[in-house]
2 protein chains.
Amino acid sequence: MKQTLKIIKIGGKLIENEAFLNSFLEDFVQMKGPKILVHGGGNKATEVAGKLGFETKMIDGRRITDKNSMEVITMVYGGLLNKSIVAKLQSKKQNAIGLCGADGNVLISKLREVKDIDYGFVGDIDHVNTEFIDSLLMQQIVPVFSAISCTEDGILLNTNGDSVASEIAIAMSKFYETQLYFCLEKKGVLTDISDETSLISELNSENYNNLVASKVITDGMLPKLHNCFEAIKRGVSKVILGDASLLKEDSIHTKILK
Amino acid sequence: MKQTLKIIKIGGKLIENEAFLNSFLEDFVQMKGPKILVHGGGNKATEVAGKLGFETKMIDGRRITDKNSMEVITMVYGGLLNKSIVAKLQSKKQNAIGLCGADGNVLISKLREVKDIDYGFVGDIDHVNTEFIDSLLMQQIVPVFSAISCTEDGILLNTNGDSVASEIAIAMSKFYETQLYFCLEKKGVLTDISDETSLISELNSENYNNLVASKVITDGMLPKLHNCFEAIKRGVSKVILGDASLLKEDSIHTKILK
């Protein structure tokens with residue numbers, strides 16, 4: 001029987017709240033067995049870019065990553081946020097290592113092809129270096145990923161954090177029974193975003209397609225759930241979405257079914 | 001017989017020059033055997049701090065690292081510069097990993113005691129996790145260190161890059177025959193800073209003390225040479241200082257003798 005590996009994705013807005021981050025990391029450290037943390041970047045990159053005089057361009061809520069933006073992302077996601085999380089984990093006696101995709105060639109990606117919109121330095125993951133990740137896990141070191149991948153030509157690329165988590169979970173399924181947790185601001189998938197009691201506790205792809213067709217599920221939830229269903233279809237044994245209580249045993253959340 | 005391990009320290013001003021950095025990394029990749037790269041930060045941190053509205057305070061040419069400065073250092077040294085170097089090495093087919101002291105608990109330091117001057121978030125290295133570094137070298141992965149260490153309580157600290165290189169070289173001497181290279185803007189130690197022909201090709205501690213007493217060696221060269229003599233006294237088998245040609249076999253440089 002394969003050992004269980006938990007992959008936790010935490011959003012950028014959540015980690016910007018210092019008190020929340022501390023309590024979340026406390027729960028994370030308490031979790032038994034091998035585990036991986038993937039974090040987003042939130043508003044800090046936009047704030048730093050603004051102060052540096054770089055305009056952040058968004059199209060349909062998605063960042064256009066020009067050369068200056070990519071520099072800021074490398075600073076903020078790959079440096080400030082990533083290293084701060086690793087240092088906090090060390091202070092809680094959890095050995096950890098901060099990684100971007102270039103480190104140990106761990107997340108190799110391709111520059112996204114330009115169709116209607118040129119998103120700039122944005123990549124889609126092509127290959128996960130599972131042997132390297134496993135060598136860290138075997139040493140009881142928690143890999144902490146910032147959402148940056150790297151092309152074979154050494155170009156750093158901004159990469160969707162949910163996709164990073166999902167692709168790592170899928171790839172690591174060859175060694176482990178993998179479980180993927182998305183930690184959100186809400187309790188999970190809601191049919192009414194303003195009402196936490198409208199939580200969907202289980203969601204299969206048929207129900208999902210119906211909810212998309214009827215426009216109950218929209219916007220940012222669409223790519224996130226796309227990643228969830230990709231994961232569950234491609235070998236991940238458990239995918240759940242929930243709020244900060246997600247790492248506790250009695251959490252209320254949304255579970256993804258095939 | 002122990003295997004040879006080369007530890008190369010490159011200054012921040014040098015790596016800010018893109019053409020120079022590329023040619024330097026090309027030579028670095030060509031070097032055979034296990035190797036480690038340590039880089040400084042240069043002026044980029046001061047530039048970013050300035051744009052973010054943080055004043056950089058210096059006393060006697062040394063940076064006072066307050067909380068804001070430490071954030072900028074984590075962004076610039078630990079993120080932008082470190083990850084860019086790693087990505088460039090990957091593009092040259094040299095597997096590498098970027099590390100700050102918190103990663104893998106690799107450089108544990110103590111906050112520097114306040115005597116006359118409070119330097120703020122500045123640390124002196126207490127312990128190097130040699131087993132972790134060795135596990136990377138055994139996988140043919142080059143560790144690339146930014147000059148940031150971490151206390152046992154998870155506080156990131158600005159740390160002198162020459163000391164980082166020197167302490168790593170000393171600690172790794174238990175596994176390897178270590179060689180420490182400091183890559184500077186000048187050909188090595190000069191008796192007249194404006195005249196490259198005044199290079200001292202070999203320097204022992206007696207000559208060094210005489211040159212310090214007669215004020216031929218001053219300023220930034222003093223702590224650098226202090227690190228060199230510490231290294232050669234504490235188990236490092238070869239310490240040299242030179243310019244970018246340092247990594248080539250026929251380089252002209254200063255060699256440190258006991």
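Atom set for the values below is all heavy atoms of this structure, side chains included, hydrogens, waters and symmetry mates excluded. Nothing here was measured: the structure is a model prediction, and the numbers come from that model. So you know, we letter chains A, B, ... as the sequences are listed, proteins then strands, and number each from 1.
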Colleague: Please check if the side chain of B/Ser23 supplies one atom and the backbone of B/Ala19 the other of a donor-acceptor pair under 3.5 Å.
Modeller: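 Side chain of B/Ser23 to backbone of B/Ala19: no pair is present.
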Colleague: Work out which heavy atom in A/Ala231 is nearest to a heavy atom in A/Leu180; give both atom names and the distance.
Modeller: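 The pair with the smallest heavy-atom distance is CB-CD2, 3.7 Å.
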Colleague: Is the backbone N or O of B/Lys88 less than 3.5 Å from a side-chain atom of B/Ser91, with the two atoms forming a donor-acceptor pair by type?
Modeller: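 Yes, the answer is positive, given that a donor and an acceptor are paired below the 3.5 Å cut-off.
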Colleague: Give, for atom CG of A/Asp243 and atom CZ of A/Phe182, the distance between the pair rounded to the nearest 0.5 Å.
Modeller: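 So the gap between those two atoms works out to 15.5 Å.
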Colleague: Mark yes or no for whether B/Ser149, through its side chain, and B/Thr159, through its backbone, hold a donor-acceptor pair below 3.5 Å.
Modeller: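 No, B/Ser149 side chain to B/Thr159 backbone: no donor-acceptor pair under 3.5 Å.
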Colleague: Under a 4.5 Å cutoff for heavy-atom pairs, which residue among A/Lys93, A/Lys51, A/Gln90, A/Glu152 has the most contacts with chain B?
Modeller: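 Among the listed options, the one with the most contacts to chain B is A/Gln90.
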Colleague: With rounding to the nearest 0.5 angstrom, report the CG to OG1 distance, B/Leu157 to B/Thr74.
Modeller: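 Going from the CG atom of B/Leu157 to the OG1 atom of B/Thr74 covers 9.5 Å.
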Colleague: Distance-only check: which donor-acceptor pairs under 3.5 Å involve side-chain atoms of residues 5-16 of chain A, not counting sequence neighbours?
Modeller:
from    : atom 1 : to       : atom 2 : distance (Å)
A/Lys9  : NZ     : A/Asp162 : OD1    : 2.7
A/Glu16 : OE2    : A/Asn43  : N      : 2.7
A/Glu16 : OE2    : A/Lys44  : N      : 2.8

Colleague: Quick check on A/Glu47 against chain B: is it the side chain, the backbone, both or neither that has a heavy atom closer than 4.5 Å?
Modeller: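 Contact with chain B involves no heavy atom of A/Glu47 at all.
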Colleague: Looking at B/Cys150, B/Gly78, B/Gly104, which has the largest count of heavy-atom pairs under 4.5 Å with chain A?
Modeller: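 With the most close heavy-atom pairs to chain A, the winner is B/Gly104.
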Colleague: What part of A/Asn105 lies closer than 4.5 angstrom to a heavy atom of chain B: side chain, backbone, both or neither?
Modeller: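 Looking at A/Asn105, backbone and side chain both touch chain B.
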Colleague: Quick check for you: among B/Ile148, B/Leu81, B/Ile155, B/Leu156, which has the greatest number of heavy-atom pairs under 4.5 Å with chain A?
Modeller: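 Highest number of pairs under 4.5 Å: B/Leu156.
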Colleague: Side chain from CB out, backbone as N, CA, C, O: work out which of these in A/Lys92 comes under 4.5 Å of a heavy atom of chain B, or both, or neither.
Modeller: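 Looking at A/Lys92, nothing touches chain B.
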Colleague: Please determine, among B/Val144, B/Leu99, B/Val106, B/Val86, the option with the most heavy-atom pairs under 4.5 Å with chain A.
Modeller: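 Max contact count across the listed options: B/Val86.
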Colleague: Starting from the C-alpha separation in whole Å, work towards a yes-or-no answer on side-chain contact (heavy atoms from CB on, under 4.5 Å) for B/Ile97 and A/Ile97.
Modeller: CA-CA 10 Å; B/Ile97 186 167; A/Ile97 187 166; 3.7 Å; yes
Colleague: Below 4.5 Å from any heavy atom of chain B, which atoms of A/Ser146 appear? Answer side chain, backbone, both or neither.
Modeller: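 Neither part; nothing is under 4.5 Å.
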Colleague: Among A/Thr151, A/Val142, A/Asn95, single out the residue with the greatest number of heavy-atom pairs under 4.5 Å to chain B.
Modeller: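 Top option by heavy-atom pairs under 4.5 Å: A/Asn95.
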Colleague: Verify, without hydrogens or angle tests, whether B/Asp27 (side chain) and B/Phe24 (backbone) share a donor-acceptor contact under 3.5 angstrom.
Modeller: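 Flag not set: sc B/Asp27 to bb B/Phe24 has no pair under 3.5 Å.
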Colleague: Side chain, backbone, both or neither: which part of A/Val72 has an atom under 4.5 Å from a heavy atom of chain B?
Modeller: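 Neither part, no heavy atoms under 4.5 Å.
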Colleague: Side chain, backbone, both or neither: which part of A/Ile141 has a heavy atom under 4.5 Å from chain B?
Modeller: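 Just the side chain, heavy atoms under 4.5 Å.
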Colleague: May I ask you to name which of B/Ile73, B/Leu80, B/Val48, B/Leu89 has the most heavy-atom pairs under 4.5 Å with chain A?
Modeller: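 Of the options given, most contacts go to B/Leu80.
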Colleague: When you measure from the side chain of A/Glu71 to the backbone of A/Lys67, do you find a donor-acceptor pair of N or O atoms at a distance under 3.5 Å?
Modeller: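 Checked: no pair found.
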Colleague: Run B/Gln179 and B/Lys35 through side-chain contact (heavy atoms from CB on, under 4.5 Å) and show every step you take.
Modeller: CA-CA 9 Å; B/Gln179 302 185 346; B/Lys35 52 201 168 187; over 6 Å; no
Colleague: With chain A as the partner chain, list the residues of residues 118-134 of chain B whose heavy atoms fall under 4.5 Å from it, by residue number, and write 'none' if nothing qualifies.
Modeller: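 Within residues 118-134 of chain B, the residues under 4.5 Å from chain A are B/Phe132.
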Colleague: Most heavy-atom pairs under 4.5 angstrom with chain B, which of A/Gly50, A/Gly79, A/Gly101?
Modeller: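 Looking at each option in turn, the highest pair count goes to A/Gly79.
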Colleague: Which atom pair, heavy atoms only, marks the closest approach of A/Gly98 to B/Asp103?
Modeller: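 Here A/Gly98 and B/Asp103 meet closest at N-OD1, 2.7 Å.
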